[in-house]
Protein chains: 2
Amino acid sequence: MNTAPARWLSDDEQRIWRSYLHATTLLEDHLDRQLQRDAGMPHIYYGLLVALAEAPQRRLRMTELAMQSKITRSRLSHAIARLEKNGWVRREDCPSDKRGQFAVLTDAGAEVLARTAPGHVAAVRQALFERLSPEQQKALGEIMQIVAEGLQPGDAGADLPWLR
Amino acid sequence: MNTAPARWLSDDEQRIWRSYLHATTLLEDHLDRQLQRDAGMPHIYYGLLVALAEAPQRRLRMTELAMQSKITRSRLSHAIARLEKNGWVRREDCPSDKRGQFAVLTDAGAEVLARTAPGHVAAVRQALFERLSPEQQKALGEIMQIVAEGLQPGDAGADLPWLR
DNA sequence: CTCCGTTTGTTTAAGTTTCAAGAAGAGGCT
DNA sequence: AGCCTCTTCTTGAAACTTAAACAAACGGAG
């Protein structure tokens, strides 16, 4: 229950918020379609492969991968099951913690990434970076950094030197 | 087929893009949870009720509602079916076009909106506007406007009733 | 008027995500 | 050792989204 006077959004704020909603849903749909068509998987799954490709030994613990990707472990479990069925990822037991599992990028997975990354990058570039001035790009980065930090306090300053 | 040299993202661009992905997924999850808890529906469904509430006669043709909300007609069809089951929306035949359907906000739907809007606005405010300077808010609006326009050319400032 | 391509909205099935519950190991405490 | 609690990851069912196929109605051309 909230006794404070419910403050609505100003006209400016409403415009900004709606632009945000439109742009983010359109962009997500756009990239999802692009990747579904060219790589046979949705955007999030692609992100999982990227995270694995960048990790040492091409492998990550399930929990760490889930956190990096901002998804629940449950969702990750299903997702990895699917990627495993595609032969792009394989699971390995963790020797030091018998509860643990590693998700490991297979050669086939790396190959899919190598084949589809250029097209995806091009799509991102064309939909976002090519349309924004350098100042706007910089502002966007700062804004999104602030928003993310606000919603997930604690993972920030750790490895983000540019935020001070 | 693309013969151009596949240009990867620069370090700066990568940081910006990752911040974007993190922030947008976190914010979407955050608002989805908030609305699921307080209003019993996901964010998109809430947006449909808002669109109807703002429309003349509290009603919109399915196609128009789908376009305003940036979703497919198929998805809308399912969504309205669910909202109808909740008693928040009802369908009405269009007299002038026998294929057409109106989605109409019911009193119960309006009541749900009135009850839950303040909490939702507060969540948006707290997660976004309270953390950004006026300049950043302005920049965000411009950036998102550009991105949306790029992905859906033709619906720009043209018809935005909320634009007053 | 009939034909033909388009628009409107729904439906089915397959895939994805969420939620709640649960199995199993880790780790501490007595 | 036994017990308790937390963490890790998985499972199954329900909800949601997507893609493709579809029926019905529209509307223009011949």
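The phosphate of C:dC19 (OP1 or OP2) has no side-chain N or O of A:R75 nearer than 4.0 angstrom. Remark: B:R61 is not in phosphate contact with C:dT7, judged by side-chain N or O atoms under 4.0 Å from OP1 or OP2. Between A:R82 and C:dG15 there is no side-chain polar atom (N or O) within less than 4.0 angstrom of OP1 or OP2. Using a 4.0 Å cut-off, no side-chain N or O of B:S74 falls inside it from OP1 or OP2 of C:dG9. For the OP1/OP2 pair of C:dC19 and a distance below 4.0 Å, the side-chain nitrogens and oxygens of B:R33 include at least one atom meeting the criterion.
Positionally, the nearest nucleotide of DNA chain C for A:A79 lies more toward the 5' end than for the other of A:P95 and A:A79. Taking the nucleotide of DNA chain C with the nearest heavy atom to each of B:M62 and A:M41, the more 5' of the two is matched to B:M62. Where A:Q36 and A:T63 meet DNA chain D, the nucleotide closest to each residue was compared, and A:T63 sits on the side nearer the 5' end.
No donor-acceptor contact under 3.5 Å links the side chain of A:H78 to the base of C:dG15.
Residues B:E13 and A:R125 are paired through a salt bridge, judged by an N-O separation under 4.0 Å between the basic side chain and the carboxylate. No salt bridge links A:E92 with A:R58; every basic N to acidic carboxylate O contact stays at or beyond 4.0 Å.
Regarding B:D93, its CG atom lies at a distance of 13 Å from the C1' atom of C:dT8, rounded to whole Å. Look at OH on A:Y46: it is 17 Å from P on C:dT16, rounded to the nearest Å. Residue A:R99 contributes atom CZ, which lies 10 Å from atom P of C:dG25 at whole-angstrom precision. Nucleotide D:dC9 holds its C1' atom 13 Å from the CD1 atom of A:I71, rounded to whole Å. Put simply, CD on B:E64 is 15 Å from C1' on C:dT7, counting in whole angstrom units. Rounded to an integer number of Å, the gap from B:L65 CG to C:dT8 C1' is 14 Å. If you measure from atom CD of B:E28 to atom C1' of C:dT18, you get 13 Å, rounded to the nearest angstrom. The separation between B:D29 atom CG and C:dT18 atom P is 6 Å, rounded to whole Å.
Within the nucleic acid shown, A:R37 has no heavy atom closer than 4.0 Å to any nucleic acid atom. At the heavy-atom level, A:Y45 lies under 4.0 Å from the strands shown only through sugar-phosphate atoms. At the heavy-atom level, A:D97 lies under 4.0 Å from the strands shown only through sugar-phosphate atoms.
For the atom pair CG (B:L151) and CG (A:D29), the distance works out to 9.5 Å, reported to the nearest 0.5 Å.
Summarising the geometry of B:W8 relative to A:A117, their closest heavy-atom pair is CZ3-CB, 4.3 Å, with the distance given to 0.1 Å.
Using cut-offs of 30° and 60° for the angle between ring planes, the B:W17 and B:Y20 rings count as parallel.
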